Amino acid sequence: MEDVYAMPLHDRTTWLHGDFFHCLQPPVALGRTWRLVLLGPPGVGKGTQANLLSAMLGACPLSTGDIFRAARERGGTHSGLMQAHDRLARGELVPDDIVLQLIHNRQTCLRCEAGFLLDGFPRTTAQASTLDGLLAMHHVRLDAVILYELDERELVARLAGRRVCSRCEAPYHVTTRPTREPGICDHCGGPVTQRVDDKPAAIRTRLAAYFEATARVADYYRQQDLLLTVSAASEPDVVLAQSLQRLASRGFPVPQVSQTV
Ligand code: AP5
């Protein structure tokens with residue numbers, strides 16, 4: 001399989017900055033328009049799978065965490081976003097009203113013909129029900145919600161060892177996926193650093209927040225018969241193949257991957 005990290009990530013200007021901005025290179029749907037939610041605890045590999053699935057399906061990977069980090073990078077003074085980043089740094093969930101306002105301001109991405117892969121949203125049942133309302137307003141529906149699962153010890157190991165390119169957000173890991181040159185992104189040459197919320201205290205808070213609030217979102221989608229569960233314990237390519245296989249089992253026309261699962 002091609003190294004998707006060597007491919008340019010989609011321009012996500014609208015998503016990162018709001019509806020007043022436009023993507024310069026919008027993604028193009030491959031085969032059909034996919035609208036998926038990726039669920040799972042911190043560190044399970046949602047961002048990694050969003051990039052891999054995006055390369056296969058064409059849909060744009062959209063993370064709410066990326067919006068908060070991008071706002072911080074820009075050094076904005078919007079009090080909601082600054083408050084959000086403080087919460088993020090401590091590992092706490094950002095309040096629903098701030099998150100929902102952000103999503104409201106980015107509705108273009110929900111009706112984009114290339115589709116979307118939502119990563120990190122929705123995280124509460126209030127967010128999930130608001131998303132339902134927005135999608136209905138735009139006459140579109142979710143195809144499926146993929147829930148990635150992994151045991152807690154492995155989650156902590158993935159988070160503590162994660163490093164991320166500050167420029168293109170390509171994910172690395174100090175032992176399982178190191179950069180070729182220490183601290184330099186293989187893909188864009190940007191600086192590779194540790195996320196502020198990947199420190200031990202914040203990791204504990206994030207896992208607790210997931211099990212308290214976000215795990216309920218899985219039940220919400222299970223009741224709608226949208227939930228597909230995938231183990232995230234294998235290599236990323238295998239997890240990708242299993243994700244596609246689960247979609248195929250629901251009758252979706254998925255592209256073939258050269259991977260035995
Ligand atoms: P967000 O940015 O969404 O972080 P998260 O959900 O905690 O998830 P992560 O990005 O940490 O992990 P991931 O599952 O994407 O794993 P990754 O692929 O990077 O949110 C951050 C914060 O923003 C939240 O805590 C909250 O404060 C706030 N926030 C965001 N959205 C919100 C919302 N809707 N409501 C309220 N608050 C919100 O992989 C992790 C590591 O493992 C990497 O090093 C990777 O290389 C490695 N890895 C990945 N897959 C594999 C594999 N299969 N095998 C081995 N290693 C692997």
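When a ligand or atom number is given, it counts from 1 through the structure's own listing order. Quick caveat, the model's predicted, so the values are computed rather than measured.
Proximity of Arg177 to ligand 1, defined as any heavy-atom pair under 4.0 Å, is not found for any part of the residue. Using a 4.0 Å cut-off between heavy atoms, Tyr148 makes no contact with ligand 1 at all. At a heavy-atom distance under 4.0 Å, only side-chain atoms of Asp197, from C-beta outward, approach ligand 1. Contact annotation: for Leu159 versus ligand 1, heavy atoms closer than 4.0 Å belong to the side chain alone.
Near Val99, meaning under 4.0 Å from any of its heavy atoms, are these atoms of ligand 1: 33 (C), 34 (N), 35 (N), 36 (C). Distances below 4.0 Å separate heavy atoms of Tyr172 from the following atoms of ligand 1: 43 (C), 44 (O), 46 (O). Annotation for ligand 1: atoms under 4.0 Å from non-hydrogen atoms of Leu88 are 22 (C), 23 (O), 27 (O). Those atoms of ligand 1 with a heavy atom of His173 less than 4.0 angstrom away are 44 (O). Interface of Glu235 with ligand 1, defined as ligand atoms under 4.0 Å from a residue heavy atom, comprises 53 (N). Atom numbering of ligand 1 starts at 1 in the shown order; those under 4.0 Å from a heavy atom of Pro42 are 7 (O), 8 (O). Atoms of ligand 1 found under 4.0 Å from any heavy atom of Ser234 (numbered from 1 in listed order, with element): 52 (C), 53 (N), 54 (N). Shown in contact with Pro236 at under 4.0 Å from a heavy atom are these atoms of ligand 1, numbered in order with element: 51 (C), 52 (C), 53 (N), 54 (N).
Checked for salt-bridge contact, Asp66 and Arg69 meet the test: a charged N lies under 4.0 Å from a carboxylate O. Look at Arg195 and Asp197 and you find a salt bridge, because one of the NZ, NE, NH1 or NH2 atoms lies within 4.0 Å of a carboxylate O, short of that distance. Salt bridge present: Asp143 and Arg32 bring a charged side-chain N and a carboxylate O closer than 4.0 Å.
Contact of the Ile103 side chain with the Thr130 side chain is not registered, since no non-hydrogen atoms from C-beta on lie closer than 4.5 Å.
Of the possible donor and acceptor atoms, none in the side chain of Arg163 sits under 3.5 Å from a partner among the backbone N and O of Val174. Not one N or O on the side chain of Lys46 forms a donor-acceptor pair closer than 3.5 Å with the backbone of Leu118. Under a 3.5 Å cut-off, the side chain of Arg167 and the backbone N or O of Pro191 do not form any donor-acceptor pair. Arg106 places a side-chain N or O within donor-acceptor distance of the main-chain N or O of Trp15, the cut-off being under 3.5 Å. A donor-acceptor pair under 3.5 Å is absent between the side-chain atoms of Ser54 and the main chain of Cys60, judged by distance alone.
Ligand 1 has a nitrogen or oxygen under 3.5 angstrom from a nitrogen or oxygen of Arg206. Distances between N or O atoms of Gly161 and those of ligand 1 include no value under 3.5 Å. Between Gly45 and ligand 1, a contact under 3.5 Å exists for at least one N or O pair. For Glu92, a nitrogen or oxygen atom sits less than 3.5 Å from a nitrogen or oxygen atom of ligand 1, counting backbone and side chain alike. The N/O atoms of Gly43, backbone and side chain alike, include one that comes under 3.5 Å of an N/O atom in ligand 1. Residue Arg69 places at least one N or O, backbone or side chain, under 3.5 Å from an N or O of ligand 1.
Around atom 10 (O) of ligand 1, the closest heavy atom drawn from Arg195, Lys46, Gln127 belongs to Arg195. Of the candidates Gly47, Pro178, Ser231, it is Gly47 that places a heavy atom closest to atom 15 (O) of ligand 1. By heavy-atom distance, the residue among Arg162, Arg158, Glu169 lying nearest atom 52 (C) of ligand 1 is Arg158. Between the choices Val94, Thr214, Leu52, the shortest heavy-atom distance to atom 36 (C) of ligand 1 belongs to Val94. Among Arg123, Glu154, Arg87, Arg90, the residue whose heavy atom sits closest to atom 33 (C) of ligand 1 is Arg123.
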Practice task
I would like to know whether Gln101 and Asn105 meet side-chain hydrogen bond (donor to acceptor under 3.5 Å, both in side chains); could you show each step before the answer?
Solution key: CA-CA 6 Å; Gln101 185 61 51; Asn105 293 344; 3.1 Å; yes
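Each of Leu62 and Leu30 belongs to its own hydrophobic cluster when Ile, Leu, Val, Met, Phe, Trp and Tyr are linked at side-chain heavy-atom distances under 4.5 angstrom. Ile67 and Val164 end up in different hydrophobic clusters when Ile, Leu, Val, Met, Phe, Trp and Tyr side chains are linked at under 4.5 Å.
Among the candidates Val239, Val230, Leu117, Ile146, the single residue satisfying the side chain to side chain contact (heavy atoms under 4.5 Å, CB included) test with Gln49 is Val239. Checked against Tyr220 for a side chain to side chain contact (heavy atoms under 4.5 Å, CB included), the options Asp132, Leu227, Leu226 give a single hit: Asp132.
Between Gly40 and ligand 1 there is no heavy-atom distance shorter than 4.0 Å.
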